[in-house]
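Reviewing the structure listed below.
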Amino acid sequence: MILRIFSSRTFIILSFSSILCLISCSKSETSQTIVPPTTYASLQLTFSNYVGNVPLVRNTGTYTNAARENYTISKFLYYLSNFQLVDSAGKVTTLPQRYFLVDDAIDSTKKIILDSVPVGRYTAVRWLIGVDSIRNVSGVQAGALAPENGMFWTWNSGYIMAKLEGNSPAATTVLKEFQLHVGGFKSPYNALKTVSLNLPATVTVATGAQPKLSFRADAAKWLDAPNTISFATTTIVMAAGTDALKIAENYQQMFTVMTVAN
Amino acid sequence: MNRKITYIAGLVCLVILLAHACKKDGAGNTGTIPLPQPVTLQLPAGFPDPVYDFTQNPLTKEGIALGRYLFYDYRLSADSTISCGFCHQQFAGFGHFDHPLSHGVLGRQGSRTVPGIFNMIYMKAFMWDGGVNNLEIQPLTPLTDPNEMGVDLKELLKKMQGDPNYRKMFLAAFGTEEVTSQRMFRAITQFVATMVSGNSKYDSVINKVGGATFSAEEQAGYNVFQLKCAACHKEPLFTDQTYRSNGLPINVLQDVGRMRITNNTADYIKFKVPTLRNVLKSQPYMHDGRFYDIYQVFDFYDHGVVVTATTDPLVKNGISLTDAEKRQLYFFLNTLTDYTLLQNPAFSEVPIQ
């Protein structure tokens, strides 16, 4: 019987069908793999938190706002998402959706790696401070967006886009503590702000290299312009509304590019 | 002979294919854990499509079992006194029987009554003020509210990760032992999603099941209901899911209702229209549980409405009800009691180990 299978005609048919099988398998395999139209590489972004011209020192650093009130900072966190890169021709490349929570208390959060960046030369970068409206209504999320990060309003669903807490003698609370929690994704209190920064030098994203962009985030900008925030009148912000909008308008200006390292 | 060859060739092909498939499968699965068993929810006839999107969280036997265990685990609260099921009692339509205001850890009290939580998959928003926008994140509020379960989510996750029993259940439901908040909330959602109430006498009559008919009084009550209640308590869910001020005089609790959510004065003292399903089992009534008896509710609509700037036009002039109509309404509302929800062993308390 075994021998008979290997009689010439049988063998040919057998081999032929096996080959067909293999081809069909490998074919289906190929169709499942998405052939990238462009090459992708990565880009590193680092964030250094400042208050005015000095690096932020939580709890012990004392600062003064435009309303001439002294304050210290105990918590400083912000979400970054919806990254885009712009080339010299003005062409905008939207990167795959990622969400990052920068927490001044956790150094590892200050370094962000954007992967799946199409190789190329870029002259500007854009992102959203906060979490886009879709993720605010899509149920429980994971990673940077997980609710245990303390950046989600439970009583009125939505992310806290950014948070600044500290103490000031001008604060009206018993413990002289201020808490500025900025959020809101629905009109008329949509606090989502886009940051758009021109790079001082072109950044070249290429395979085998990881260029670095470093940024400064100035917490003092939360309080200064265009809306002067006084702790005597704005001590606690914990809901979407006009106060949150005013602060969001301010902190939209908090980022500056420090260096571009190719 | 030819047929035999084809047969053998096919067999060889199959072996190759299988080997290939196995190899692929092996990469994503450790091979020893059985996959969770899919569960199909039987939805009542005539109900709308569920609002909850199951695509990211398909129901499984193990997921529902984990959710049920979480629902009844009092250790999820700060002082191990309050489980979800503590306030959401099955026999009371998953409301808190006889308690006007919600209870919490350390003997604390909330400011609203516990709403019954069934048919939640059909709801667009949650809580009396609609502040929560997705069923999955709903449990987040009672878990972390200091007046309810008052727990620190990070601490809780750590505690659960250290519990071999939970690790086992997370493994069964989600494929690995990792305890995450997303998995926890999705499991609770799965359990709550199965709490569907659409099998009352009313449903049997409407769907003409087994020749069910209303009694004369029930039918009369249904007529009163359709005329005087159904605009807000819309069938088949018996709520139109809107927020309305029904003319309740504001009391010492000073609850501004939906205005707190929208920042809009037009929403002052507006609350979500509650369902009337299982209503006779879920007293007390109103957002603050101020009425213990359904007849007090009838009397309130008949002659207790206090008109403010936001009072709903439908109740502004009260809803007159004669004694006979109240009695008829009572009999009709009784047909909305669904014993297949209230007595279903699949929803009952499980022992916590």
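Residue numbers begin at 1 in each chain, while the letters A, B, ... track the order of the sequences.
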Exercise. With respect to chain B, which residue among A240(A), A146(A), P147(A) yields the maximal number of heavy-atom pairs within a distance under 4.5 Å?
Worked result: P147(A)
For this session: Identify which part of A239(A) has an atom lying under 4.5 Å from any heavy atom of chain B, answering side chain, backbone, both or neither.
Result: neither
Atom pair [atom1] ([X]) and [atom2] ([Y]), whose distance is rounded to the nearest 0.5 Å:
X       : Y       : atom1 : atom2 : value
T242(A) : N263(B) : OG1   : CG    : 7.5 Å
E136(B) : Q141(A) : CD    : CD    : 8.0 Å
T262(B) : Y189(A) : OG1   : OH    : 8.5 Å
M127(B) : T154(A) : CE    : OG1   : 7.5 Å

Seminar exercise, completed: When D145(B), I261(B), L140(B), D129(B) are each screened for side-chain contact (heavy atoms from CB on, under 4.5 Å) with W155(A), the one that passes is I261(B)
Problem set entry | Within 6.0 Å of NZ in K221(A), more than 12 heavy atoms from elsewhere | no
Exercise. Should we say atom NZ of K159(B) is surrounded by more than 12 heavy atoms from elsewhere, each under 6.0 Å from it?
Worked result: yes
Side chain, backbone, both or neither: which part of [X] has a heavy atom under 4.5 Å from chain A?
X       : answer
L157(B) : side chain
R260(B) : both
T144(B) : side chain

For this session: Using modelled atom types only, decide if a donor and an acceptor are shared between the side chain of E148(A) and the backbone of L153(B) within a distance under 3.5 Å.
Result: no
Exercise. Should S157(A) and N134(B) be marked as a side chain to side chain contact (heavy atoms under 4.5 Å, CB included) after you check the CA-CA gap, both sets of side-chain angles, and the distance that decides it?
Worked result: CA-CA 8 Å; S157(A) 303; N134(B) 192 298; over 6 Å; no
For this session: Give the minimum heavy-atom separation between V137(A) and N133(B), together with the two atoms involved.
Result: CG1-ND2, 3.6 Å
